[in-house]
Amino acid sequence: MDSRELKAAVLDRISKTIEKVYGNLPETASLVFPPSVALGDFAFECFPLAKQFRKSPTDIADKVAKALETDDLIQKIQAAGPYINIMMNRDVLFGALCKEIMEKESFCSPVTDTPQRIMVEYLSPNTNKPLHLGHLRNGSLGMAVSNLLKACVHKVIKTNLINNRGIHICKSMLAWQQWGNGETPESSGMKGDKFVGKWYVRYAREAEKDPSLENKARQMLKQWEDGDPDIIRLWEMMNSWVYQGFAETYQKFGLQFDKFYYESDTYQLGKDIIDKGLEKGIFHKEIIDENSHGNVVFYLPPEKFGCEKDGQPKKITVLRHDDTSLYMTQDIGTALLKVNDFNLDRSIYVVGSEQVYHFQCLFEILKALGFSWAGGCYHLSYGMVYLPEGKMKSREGKVVDADDLIEEVERLAKEEICKRNIEKPLSEEEIRTRQSVIAMGAIKFYLLRVRSIQDIHFDPQESISFDGFTGPYCQYAYARISGILRNAEEIGISIEDADFTLLGNEEELQLIQKLIQFPDEVGLSVNDLNPARLAVHIFNTAKSFNQFYNKHQVIHAQTKQLAGARLSLIKAAAQVLKKGLALLNIGVLEKM
RNA sequence: GCGCCUGUAGCUCAGCUGGAUAGAGCAACGGACUUCUAAUCCGUAGGUCGCAGGUUCAAAUCCUGCCAGGCGUACCA
């Protein structure tokens with residue numbers, strides 16, 4: 001019996017009792033958890049019934065509690081004010097549930113009745129600079145959301161839309177062309193994305209002194225769109241450097257993609273759609289005057305987007321007057337391509353919150369174009385990452401580089417690992433594995449533990465901490481359980497000996513409660529596309545285990561029946577921790 | 001100006017489909033390792049839930065107004 005069936009069975013008995021007492025089934029009924037496990041395992045609130053039966057909730061609680069009978073499932077019933085507190089049979093609460101968790105792989109999955117085809121586009125880097133902390137936040141979110149949706153048995157397609165064309169890309173190309181002297185990542189010993197990023201920064205520096213560069217970059221963009229072979233060759237070469245560099249970081253940070261889109265492949269489709277839309281009168285070619293430049297624009301519906309000061313509807317440019325495309329052009333093309341390729345029900349865009357307006361406009365345009373699937377598009381936005389000295393600005397080199405951060409946290413993890421294994425030094429290989437799992441866990445957890453809508457104020461000290469509400473704290477709980485399981489096996493303690501009626505102290509109840517709550521927490525995290533909720537719950541589970549661990553013995557318990565029962569409990573807890581962390585794309589270690 | 005978001009303990013944040021005493025982590029202070037890994041645990045201290053109204057038996061949570069901060073306001077992405 002899993003936790004949902006367990007709750008449903010309890011609720012069913014309460015509902016039937018209410019019907020017996022008041023003649024009608026309750027209109028709404030759900031179980032909650034008492035503020036303290038000493039009160040009971042579940043609680044039923046009678047507030048909603050007060051209206052239905054025109055009685056005070058305290059009265060109802062009292063009457064229903066008296067009428068409820070104990071049975072194979074329910075051990076004890078007690079009214080407490082407007083609540084009915086329920087204590088479960090220990091054999092069922094601990095035994096059946098732990099067995100379920102240990103044996104059934106899908107124990108935590110809130111499987112949906114209506115599986116959908118869902119695309120999660122995330123990361124979507126520019127090919128003119130290396131990945132930074134913001135990308136790590138984006139990547140952590142994208143992976144976690146994908147995992148969560150997949151756990152519900154949705155078909156998820158993880159996509160990376162590579163922004164490999166446009167004026168900004170030309171800038172790094174121009175700088176390399178002017179001052180690069182044929183240098184390559186290989187000849188300079190640099191990672192490819194770092195190398196190209198260097199030239200982007202160089203451009204910005206030179207452009208301050210020489211404003212004519214802006215025009216040269218624009219010219220180069222036009223040449224690129226016209227297919228100039230020299231420019232295309234240069235572009236291909238520099239792109240390949242960047243892709244190579246990105247691939248290393250994806251691998252290291254555990255980012256996976258099922259499909260790569262390249263804006264160089266999709267912008268043309270965007271242009272075609274806009275041409276057709278222009279014919280149909282969805283878009284409009286501006287007349288050139290002092291206010292407009294002859295661009296192709298879309299007028300946003302005023303009832304939704306308001307008006308300009310002069311009372312005109314707001315417009316948004318979808319194609320430049322010189323026929324070069326913009327971000328919006330490309331995004332329209334890509335959106336259609338995605339649906340054509342994968343027949344999607346939903347399309348999720350994991351993109352920073354500074355672009356909410358852009359996506360509101362994009363989705364509005366898609367709707368205006370008559371695409372029925374436009375309603376399935378959703379912008380999953382996340383807050384900015386601030387540094388102690390303010391907002392990250394890549395053009396000014398004011399960023400936390402992704403590779404640097406990873407390296408730094410790995411170094412700290414290594415220190416901790418070695419400190420703890422002085423007597424029996426570990427192999428280099430073992431250290432590398434452990435430091436990577438711990439460091440990645442630390443970074444990902446730090447980035448996922450707050451709601452995505454919140455801005456993150458990046459504190460270098462705190463971000464790499466392994467204490468408190470962190471990934472390594474959760475991993476450590478798992479490693480401790482693993483240690484106990486190893487020892488138990490050696491000593492010959494087995495869950496076969498378990499007598500679950502011996503369980504029921506405060507710490508055991510706290511822990512089992514976390515395991516019961518797990519599937520619902522996963523479900524709520526999926527509904528809100530909010531991995532932070534799950535992160536909190538995993539942490540609480542680890543904490544409940546640590547509290548239990550500090551106060552009670554497992555393999556040295558008074559009897560082997562108790563030892564077996566506790567072993568079963570912590571083994572189930574380990575499964576939940578592992579599964580939960582895996583949903584956040586965080587690994588676990590048997591030993592730390 | 002307008003739009004969106006945020007405002008809860010010294011700091012970073014949960015809680016926001018209204019319900020039992022408003023929680024956690026960090027930092028501070030005091031304790032616990034001859035005992036399954038102390039990357040742990042326990043205790044102390046710390047809060048007019050931005051402000052003011054309203055709805056309700058019940059508001060951090062819902063509604064209105066205001067204040068403060070952030071982002072956006074498109075021929076950048």
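From a predicted model like this one, the values you see are computed outputs, not experimental measurements. Chain letters run A, B, ... following the sequence lines, proteins first, then strands; residues in each count from 1.
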Presence of A:Arg451 side-chain N/O under 4.0 Å of B:rC16 phosphate oxygens OP1/OP2: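 It does not, given that no N or O in the side chain of A:Arg451 lies less than 4.0 Å from OP1 or OP2 of B:rC16.
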Short side-chain N/O contact from A:Lys543 to OP1 or OP2 of B:rG25, under 4.0 Å: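 A:Lys543 to B:rG25 OP1/OP2: side-chain N or O found under 4.0 Å.
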Which nucleotide sits closest to the side chain of [X]: [options]?
| X | options | value |
| --- | --- | --- |
| A:Tyr473 | B:rG25, B:rC13, B:rC41 | B:rC41 |
| A:Ala479 | B:rG15, B:rU37, B:rU12 | B:rU37 |
| A:Arg533 | B:rU37, B:rU12, B:rC16 | B:rC16 |
| A:Val536 | B:rC16, B:rA14, B:rC76 | B:rA14 |
| A:Phe469 | B:rG25, B:rA38, B:rG19 | B:rG25 |
| A:Tyr83 | B:rA20, B:rC41, B:rC16 | B:rA20 |
| A:Val450 | B:rU40, B:rA14, B:rU21 | B:rA14 |
| A:Gln454 | B:rU40, B:rG7, B:rC71 | B:rG7 |
| A:Ala80 | B:rA20, B:rU37, B:rC13 | B:rA20 |

Centroid under 5.5 Å and tilt under 30°, A:Tyr357 to B:rG3: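 Per 5.5 Å and 30° rule: no stacking.
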Stacked pair A:Phe47-B:rG19, distance under 5.5 Å, angle under 30°: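 The ring of A:Phe47 is stacked on B:rG19.
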Identify whether any heavy atom of [X] sits under 4.0 Å from a base atom; if not, whether one sits that close to sugar-phosphate; answer base, sugar-phosphate or nothing.
| X | result |
| --- | --- |
| A:Pro34 | base |
| A:His168 | sugar-phosphate |
| A:Ile417 | base |
| A:Asp467 | sugar-phosphate |
| A:Ala50 | nothing |

Close side-chain approach of A:Lys314 and A:Cys361, heavy atoms under 4.5 Å: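 Not in contact.
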Main-chain N/O of A:Val297 paired with A:Asn295 side-chain donor or acceptor, under 3.5 Å: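 Checking the backbone N and O of A:Val297 against the side chain of A:Asn295, no donor-acceptor pair under 3.5 Å is found.
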Atom [atom1] of [X] and atom [atom2] of [N]: how far apart are they, to the nearest Å?
| X | N | atom1 | atom2 | result |
| --- | --- | --- | --- | --- |
| A:Gln355 | B:rU73 | CD | C1' | 14 Å |
| A:Glu423 | B:rU37 | CD | C1' | 12 Å |
| A:Glu263 | B:rC76 | CD | P | 15 Å |

Mutual orientation of the aromatic rings belonging to A:His358 and A:Tyr327 [parallel < 30°, tilted 30-60°, perpendicular > 60°]: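 A:His358 and A:Tyr327: parallel rings.
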Neighbour count >12 (heavy atoms, 6.0 Å) for atom CD, A:Glu430: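 Result for CD/A:Glu430: enclosed.
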Partner of A:Phe363 under ring pair (Phe, Tyr, Trp, His ring centres under 6.0 Å), chosen from A:Tyr357, A:Tyr378, A:Phe305, A:Tyr349: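 Answer to the ring pair (Phe, Tyr, Trp, His ring centres under 6.0 Å) test with A:Phe363 among A:Tyr357, A:Tyr378, A:Phe305, A:Tyr349: A:Tyr349.
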RNA chain B-proximal residues of residues 433-447 of chain A, any heavy atom under 4.0 Å: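 Here the set is A:Ile438.
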Contact letters for nucleotides 28-36 of chain B, in which S counts primed atoms plus P, OP1 and OP2 and B counts the base, heavy atoms under 4.0 Å: -------BB
B:rA20 base / A:Asn85 side chain donor-acceptor hit below 3.5 Å: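 It does, because a donor-acceptor pair links the side chain of A:Asn85 to the base of B:rA20 below 3.5 Å.
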Dot-bracket notation for RNA chain B, counting Watson-Crick and G-U pairs under 3.5 Å, with | for partners on another strand: (((((((..((((.....[...)))).(((((.......))))).....(((((..]....))))))))))))....
